[in-house]
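Structure first, commentary second.
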Amino acid sequence: MTIDLLEGLNPKQREAVETIEGPLLIIAGPGSGKTRVITHRIAYLVRVVGVSPYRIAAVTFTNKAAREMRQRLAPMVGPAMEHLTVGTFHAFCANMLRREGRHIGLDSSFVIYDDSDQMSLMKRTMSELDIDAKQIAPRAILSRISGAKSQLLTSEGLAMQTGSYFDEIVVRAYEHYDALLEQSDAVDFDDLLLKTYFLLDKVPEVAQKYQERYVHLMIDEFQDTNVVQYAIARQLARNYLNLCAVGDPDQSIYTWRNADIRNILSFQDDYPKAKIIALEENYRSTQTILDAAGSLISANTQRVEKSLWTSNGRGVPIVVSEGYNEQEEAKLVVKEIQRLARREGYKLGEIAVMYRVNAQSRALEESCLRYGIPYQVVGGMKFYQRQEVKDITAYLKLIANPKDDVALARVINVPTRGIGQRTVDELSRIARDTETSMFGALEKIAQGEQLEGNALASLFAPRSLRALEDFHRLMKGLAEERGKLDLAELIEQTVERTGYKRHLLDQTDRGEERLENLDEFKSSARDFIHLGINDALTAFLESVSLVADVDSLEEKADAITLITLHQAKGLEYRAVFMVGMEEGLLPHMRSIDSGDPGELEEERRLCYVGVTRAKERLYLLRAFRRGFRGGSEPTTPSRFLLDIPQVLIEAPPKAEPRQKKASAAWSSSGDGAAEKPGAMEPTRRRVTRGRPREAEPVVAHFVAGDKVKHATFGEGIVVDCKPIRDDFEVTVAFTDGAGIKRLMLGFAPLEKLG
């Protein structure tokens, strides 16, 4: 019985399975078989130790992970499976509240409000409190309330910490919002956790019941727990102290979801007698990839030291490559994917392309379509199907063709203008009765025309009429701009004048990300400017329609995966391409500008997660120039490239004469097959790499006020110079129109003037 459960486990895995008494922290490196350890440990407790399955609980964070855990356990424990508590943290808490919520005034039939429900309730809250949603975004208040609940703060507790007008507004809204939830017998997702904690904390008989029941409690992905989740775990494990936490601080990437890395880092402080076992043998990747990951993450301070190793062999070197712009970067990726599939026997489903922000998928999607590579976008819609992109596209369609009723119906009240559905329905009726388009009906209303002896304007309430007239003037004005602006400028004016930019910026959770998508959308339009003012818009809209009509590709079993680094956690692929390895993307500019070392460490962990998804081949790419806000700017290589030892990277091919304008072959191809240059193909800069670790350290001889010259940006004045590990970050205000740039001195040497 014991032998078959332990068979195939390595010594550390076996030790973790057989350690059943007292607190246990399992530091599970990527690809180290943590799910196998958790499931075998549960089966060991049931089948060997004889613990009743009723007295074991295992919680994780996603339905997918919980489902996989149950599927693995079922054949090992048989009928005992139905008595085990295995599920997500939120499901665990919901079940407890259904059974015991009456003790804290919660009806067992409570409903759970999802995100859209919460938004509706918050809008109602703000309306009843006379809080202007135009001044303070409902999403901003909801986000602050969610953060408070994750920190065990009620509205009264938050009131004691208020320090600004916004905080005071949040406290008022929090109190009223919770009252409306209670009135509706409803809870939101944060309440599932917070109310469970208060149930255990305030009702001793309930706490004792569950503390006695759960002799063993296991928590997966422990680095992703927030304050309230850890507090619940400590409550439940109080009697027996058999709390098994499994996680990896190096993979903590969800601070923006209120995850607190301190939970796993301070576990031994909270449980001084805890045993710590590090799972360091990796079953996924080659040693080259693991060495790169280890070197990368070693620069972080908030971590538990471990050294990953594998029996998989050294594998092939890592490829670091550079395209001239994001289109060439995407072309490099697609061409190498074609080579892997054709000559190395890779299936497309074994390949992933990862990026920091969703907007980066646009160039990749277009390249896949151009070269006939099936793809799927994980965790989100395809670029041109995203809400913000479709909204602005609808505005552009209406500018190009005012008879497009579908486009008008989509945007007439986006952003909100006070044009309700009843008004839209009446406008549609008038259009039908007068045999014209909805915009044509707006024209008739504006011109004072009558229908059956009644002025069309009289069919609407004064407020609705004013809103319709304003929308009509807005669209007429934008249509007039079409003949004056190029396509990129027209898109920019549309985003600004419709109020859509402000609409996005008011959304604190994803507003900036959506604005980045629109910046990328504007960049894609630049390819059509050369067609001239009249033809550019028509050609662009046609191309967008063709790109959007590829939904069936997502259903193909063999397709490459396009995925953000955040979404890639928990997945693995034979070949991984990480694009956008540039300062401002990875690490993201927000983390750089924040000045918080903790945010930069999280960006490094995000990079580490991406690297460790690769099983056999890893490609790190960047663009020398990247589209930004409709333009194109030179980039600086990511500081994370500096952390990968040169010995792990494929040596670059010899530089080709610039006049040949040949497309650089992948340094990993090994077959000498370089693509013949096309007539329109620009010259590509050679591969850019970090300095070898053996290199002499960069010496900074700049101070604020120094005049300097850069080969690309021209002349400028040094604003700041500060050390970054074995390099220096120099901030320069360039005087030739390039603006303020942050440059890593090792990558972008500057010449001092004067």
Side-chain angles (χ1 to χ4, degrees), residues 295-296 299 320-325 580-597 599-600 603-604 607 620-629 631-646 649 652 654-659 664 682-754:
S295 182
L296 169 71
V320 178
S321 192
E322 176 188 278
Y324 178 73
N325 54 25
M581 294 295 297
E582 303 147 21
E583 292 289 293
L585 272 180
L586 188 64
H588 197 279
M589 186 57 69
R590 285 194 298 270
S591 66
I592 297 173
D593 290 342
S594 72
D596 181 359
E599 290 196 21
L600 277 173
E603 290 290 303
R604 188 182 297 276
C607 186
L620 306 176
L621 299 97
R622 63 173 289 251
F624 171 63
R625 301 181 73 91
R626 187 172 296 276
F628 181 72
R629 300 190 184 282
S632 179
E633 296 184 2
T635 68
T636 303
S638 170
R639 67 191 68 191
F640 300 148
L641 293 174
L642 286 169
D643 296 302
I644 300 177
Q646 192 73 20
I649 299 173
K654 293 182 179 179
E656 300 161 350
R658 182 170 288 273
Q659 61 268 26
T683 303
R684 182 178 297 110
R685 288 168 54 92
R686 303 311 307 159
V687 173
T688 300
R689 308 190 187 284
R691 292 174 292 100
R693 289 183 173 253
E694 298 81 12
E696 290 295 322
V698 175
V699 177
H701 51 278
F702 301 109
V703 296
D706 282 350
K707 293 182 177 180
V708 294
K709 183 176 182 179
H710 186 277
T712 301
F713 303 133
E715 296 184 3
I717 299 175
V718 174
V719 177
D720 187 29
C721 181
K722 60 184 179 182
I724 302 290
R725 300 194 68 221
D726 55 352
D727 205 342
F728 286 85
E729 181 185 86
V730 185
T731 304
V732 181
F734 288 100
T735 56
D736 295 341
I740 297 177
K741 304 291 180 187
R742 291 183 176 86
L743 306 172
M744 297 302 291
L745 194 55
F747 282 111
L750 295 167
E751 175 188 351
K752 182 183 288 188
L753 301 177

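Computation of the quantities below employed the complete heavy-atom set of this structure, encompassing side-chain atoms and omitting hydrogens, waters and symmetry-equivalent molecules.
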- Query: Taking all non-hydrogen atoms of both residues, which atom of Pro637 and which atom of Glu583 are closest, and how far apart?
  - Reply: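 That would be O-CG, 3.4 Å.
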
- Identify the two heavy atoms, one from Glu603 and one from Pro587, that lie closest to each other, and give their separation to 0.1 Å.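 That would be OE1-CA, 3.4 Å.
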
Euclidean distance, [Y] [atom2] relative to [X] [atom1], rounded to 0.5 Å:
X      : Y      : atom1 : atom2 : result
Ile592 : Leu585 : CD1   : CG    : 9.5 Å
His588 : Ser638 : NE2   : OG    : 12.5 Å
Leu621 : Glu582 : CG    : CD    : 10.0 Å
Leu641 : Leu586 : CG    : CG    : 9.0 Å
Cys607 : Leu620 : SG    : CG    : 7.0 Å
Glu715 : His710 : CD    : NE2   : 13.0 Å

- Query: Would Thr635 and Arg625 satisfy side chain to side chain donor-acceptor pair (under 3.5 Å), going step by step from the backbone distance to the final call?
  - Reply: CA-CA 6 Å; Thr635 68; Arg625 301 181 73 91; over 6 Å; no

- Item | Flag, side chain of Arg604 to backbone of Leu296, donor-acceptor distance under 3.5 Å |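 Checked: pair present.
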
- Would Val708 and Ile717 count as a side chain to side chain contact (heavy atoms under 4.5 Å, CB included) if you check the C-alpha gap in whole Å, the side-chain angles of each, and the deciding distance to 0.1 Å? CA-CA 6 Å; Val708 294; Ile717 299 175; over 6 Å; no

- Item | Verdict with reasoning, Glu599 to Arg590, per salt bridge (Lys or Arg N to Asp or Glu O under 4.0 Å) | CA-CA 9 Å; Glu599 290 196 21; Arg590 285 194 298 270; over 6 Å; no

- Please determine if Arg622 and Glu322 form a salt bridge, counting it only when a charged side-chain N lies under 4.0 Å from a carboxylate O.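 Judged by the 4.0 Å cut-off on N to carboxylate O distance, Arg622 and Glu322 do form a salt bridge.
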
- With the side chain counted from C-beta on, respond yes when Ile649 and Ile644 share a heavy-atom pair under 4.5 Å apart, and no when they do not.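 In contact.
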
- Message: So Met581 and Val320, do their side chains get closer than 4.5 Å, heavy atoms only?
- Response: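 When only atoms from C-beta onward are counted, Met581 and Val320 do not touch, as no gap falls below 4.5 Å.
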
- Message: Working note: Val718 + Val730, criterion side chain to side chain contact (heavy atoms under 4.5 Å, CB included); need CA distance, chi angles, decisive distance, verdict.
- Response: CA-CA 7 Å; Val718 174; Val730 185; 4.1 Å; yes

